[in-house]
Amino acid sequence: MADAGAGSTRRMWCSVPERMQLHLAMLALQFGYAGFHVVSRAALNMGISKIVFIVYRNVIAFLLLVPFAYFLEKKERPAITLNFLVQFFLLALVGITANQGFYLLGLDNTSPTFASAIQNSVPAITFLMAALLRIEKVRLDRKDGIAKVLGTAFCVAGASVITLYKGPAIYSPAPPLHAVGPAWRPSLAALGDAAGKNWTLGCVYLIGHCLSWSGWLVLQAPVLKKYPARLSVTSYTCFFGLLQFLVISAFIERDSSRWLVHTGGEVFSIFYAGVVASGIAFAVQIWCIDRGGPVFVAVYQPVQTLVVAIMASIALGEQFFLGGIIGAVLIIAGLYLVLWGKSEERKFALEKAAIQSAPEHGNIRPPAHIKAPSLTQPLLPPSTENV
């Protein structure tokens with residue numbers, strides 16, 4: 001019965017168009033990351049060591065990913081070479097060590113809300129990096145190029161409005177939500193408390209985090225073309241990132257008592273970070289990069305701020321202000337512009353290929369009574385950008 005149910009669920013998911021699968025996966029990813037902001041801040045407030053938190057997070061992620069990578073990609077995994085190992089090491093240095101390290105250092109000196117807000121620069125940075133490396137094609141003299149540039153700007157602007165502009169209250173939750181657990185209010189408020197911290201230094205760390213994240217998104221795309229085993233790439237990246245952090249911890253965290261986990265809250269925060277924000281998120285993200293491209297993944301980043309606003313309104317009883325409505329409209333408009341621009345770019349490429357192939361078939365004309373053979377091969381090789 002269980003196997004039949006699992007098979008039915010798998011068939012239902014496979015029947016969903018890949019375009020819809022990508023959108024659903026990215027939305028789920030933003031919900032997971034939104035919770036991670038609060039969980040990480042809670043872990044720091046509990047006094048857990050930053051380096052210990054990251055090491056345990058990557059240990060859990062690695063143990064979660066390795067079995068799936070080994071068994072599911074056993075036949076399609078290319079042979080490992082020194083060149084691949086160097087690329088995986090560099091991916092780990094950018095996407096694990098620098099990315100996670102700068103994030104926790106920045107979060108420790110600021111707040112979850114500000115960390116989520118500044119991450120909205122990731123789409124713009126990723127778009128610029130991908131364009132400079134010619135991974136993402138941009139033609140400002142065509143409508144598709146203009147749409148992608150405007151869409152990225154709209155997403156960043158929308159998320160910034162949600163964070164920086166409140167305006168009048170549009171929605172206020174019912175009184176019971178405010179009344180639930182008065183004893184919890186100080187601890188919940190402390191999740192975003194950064195009193196006594198170096199705010200400027202925290203901003204510098206978070207900017208480094210955004211640069212590392214954008215670089216990681218862009219650099220994964222060419223690696224996946226040469227090594228298409230997505231889960232294996234993620235596993236190798238986690239492995240090298242873990243090794244790098246262990247080397248760092250040997251110099252920074254020598255007190256053995258700091259490696260002990262004392263409370264259930266610390267255990268939950270570590271497992272959430274390892275399972276949701278690393279194991280599942282890495283696998284989903286690398287699949288979306290492979291199928292939709294790095295800019296498609298990055299452009300969903302501003303949705304995270306919207307999710308944080310909604311979660312705070314429902315769970316913490318916070319009001320929903322006009323700024324949130326305006327920001328949501330800008331984010332949705334930006335997403336539509338970018339995705340529409342990518343769609344128009346594909347149409348233009350197909351039309352160009354059809355025009356170029358016409359002269360080749362025009363020199364030899366079959367007799368009128370003989371029907372021309374139909375094309376058995378597509379005009380273009382299958383593209384990884386399905387959105």
Side-chain angles (χ1 to χ4, degrees), residues 18-19 21-22 25-26 29 58 61-62 64-100 122-123 125-138 148 211-245 278-301 342 345-346 349-350 353 377-387:
E18 187 175 84
R19 180 178 302 183
Q21 291 181 17
L22 284 167
M26 286 307 304
L29 190 63
N58 285 284
F62 179 70
L64 180 66
L65 289 169
V66 164
F68 292 98
Y70 179 78
F71 290 106
L72 296 180
E73 297 177 341
K74 197 171 185 179
K75 296 182 179 179
E76 62 185 71
R77 184 169 49 246
I80 196 68
T81 63
L82 180 60
N83 185 37
F84 282 135
L85 290 176
V86 172
Q87 293 182 57
F88 297 151
F89 180 87
L90 293 176
L91 278 179
L93 184 63
V94 176
I96 303 294
T97 306
N99 183 18
Q100 296 181 13
V122 170
I125 298 172
T126 304
F127 182 81
L128 179 61
M129 287 183 177
L132 291 175
L133 295 175
R134 298 187 178 182
I135 296 174
E136 184 76 15
K137 296 180 181 179
V138 183
K148 288 192 287 186
L211 289 170
S212 303
W213 193 348
S214 299
W216 187 35
L217 292 175
V218 172
L219 293 176
Q220 281 183 88
V223 173
L224 287 172
K225 290 182 179 180
K226 300 176 183 178
Y227 201 94
R230 296 185 295 269
L231 290 175
S232 297
V233 171
T234 310
S235 299
Y236 278 116
T237 304
C238 279
F239 173 72
F240 282 114
L242 178 59
L243 289 182
Q244 291 166 12
F245 271 119
S278 288
I280 296 175
F282 287 177
V284 171
Q285 178 176 278
I286 203 169
W287 177 74
C288 292
I289 290 172
D290 182 38
R291 308 305 299 174
V295 172
F296 170 77
V297 173
V299 82
Y300 261 92
Q301 172 61 32
K342 291 175 72 67
E345 182 185 32
R346 284 198 313 275
L350 290 172
Q377 296 293 331
L379 296 175
L380 287 177
S383 173
T384 58
E385 295 191 0
N386 294 330
V387 178

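Only this structure's heavy atoms are used, side chains among them; waters, hydrogens and symmetry mates stay out. Positions are given from 1 along the sequence.
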Distance check, rounded to the nearest 0.5 Å: Gln100 atom CD versus Asn58 atom CG? 4.5 Å

Salt bridge (Lys or Arg N to Asp or Glu O under 4.0 Å): pairs with one or both residues in residues 87-100, sequence neighbours excluded: none

Atom pair NZ (Lys74) and CG (Leu72), whose distance is rounded to the nearest 0.5 Å: 11.5 Å

Close side-chain approach of Thr237 to Gln220, heavy-atom, < 4.5 Å: no

Considering only heavy atoms from C-beta outward, does the side chain of Thr97 approach that of Phe240 to under 4.5 Å? no

Could you tell me whether the side chain of Leu243 reaches within less than 4.5 Å of the side chain of Phe89, counting heavy atoms only? no

Shortest non-hydrogen contact from Ala92 to Gly241? CB-N, 3.4 Å

pair Leu217-Gln285: side-chain heavy atoms closer than 4.5 Å: yes

Measuring from atom CG of Leu64 to atom OG1 of Thr234, what distance do you get when rounded to the nearest 0.5 angstrom? 11.0 Å

For the side chain of Glu73 and the backbone of Leu231, is there at least one donor-acceptor N/O pair under 3.5 Å apart? yes

Is there side-chain contact between Tyr227 and Gln87, with heavy atoms separated by less than 4.5 Å? no

Surrounding CZ of Phe68 (heavy atoms of other residues, nucleotides or ligands, distance under 6.0 Å), is the total greater than 12? no

Which pair of non-hydrogen atoms, one from Arg77 and one from Ala229, has the smallest distance, and what is that distance? CA-CB, 4.1 Å

Student check: side-chain heavy atoms of Leu22 and Trp287 closer than 4.5 Å: yes

Quick one: ring-ring contact (aromatic ring centres under 6.0 Å, His included) partners of Tyr236, sequence neighbours excluded? Phe88

Does the side chain of Trp216 come within less than 4.5 Å of Asn99's, by heavy atoms? yes

Heavy atoms only: give me the nearest Ile96-Phe245 pair and the separation to one decimal. O-CE1, 3.7 Å

4.5 Å side-chain heavy-atom contact, Leu90 and Val94: no

Could you pull out the closest heavy-atom pair between Ala69 and Ser235, with the gap in Å? CB-OG, 3.5 Å

Would a distance-only check, ignoring hydrogens and angles, find a side-chain to backbone donor-acceptor pair under 3.5 Å from Arg230 to Ile289? no

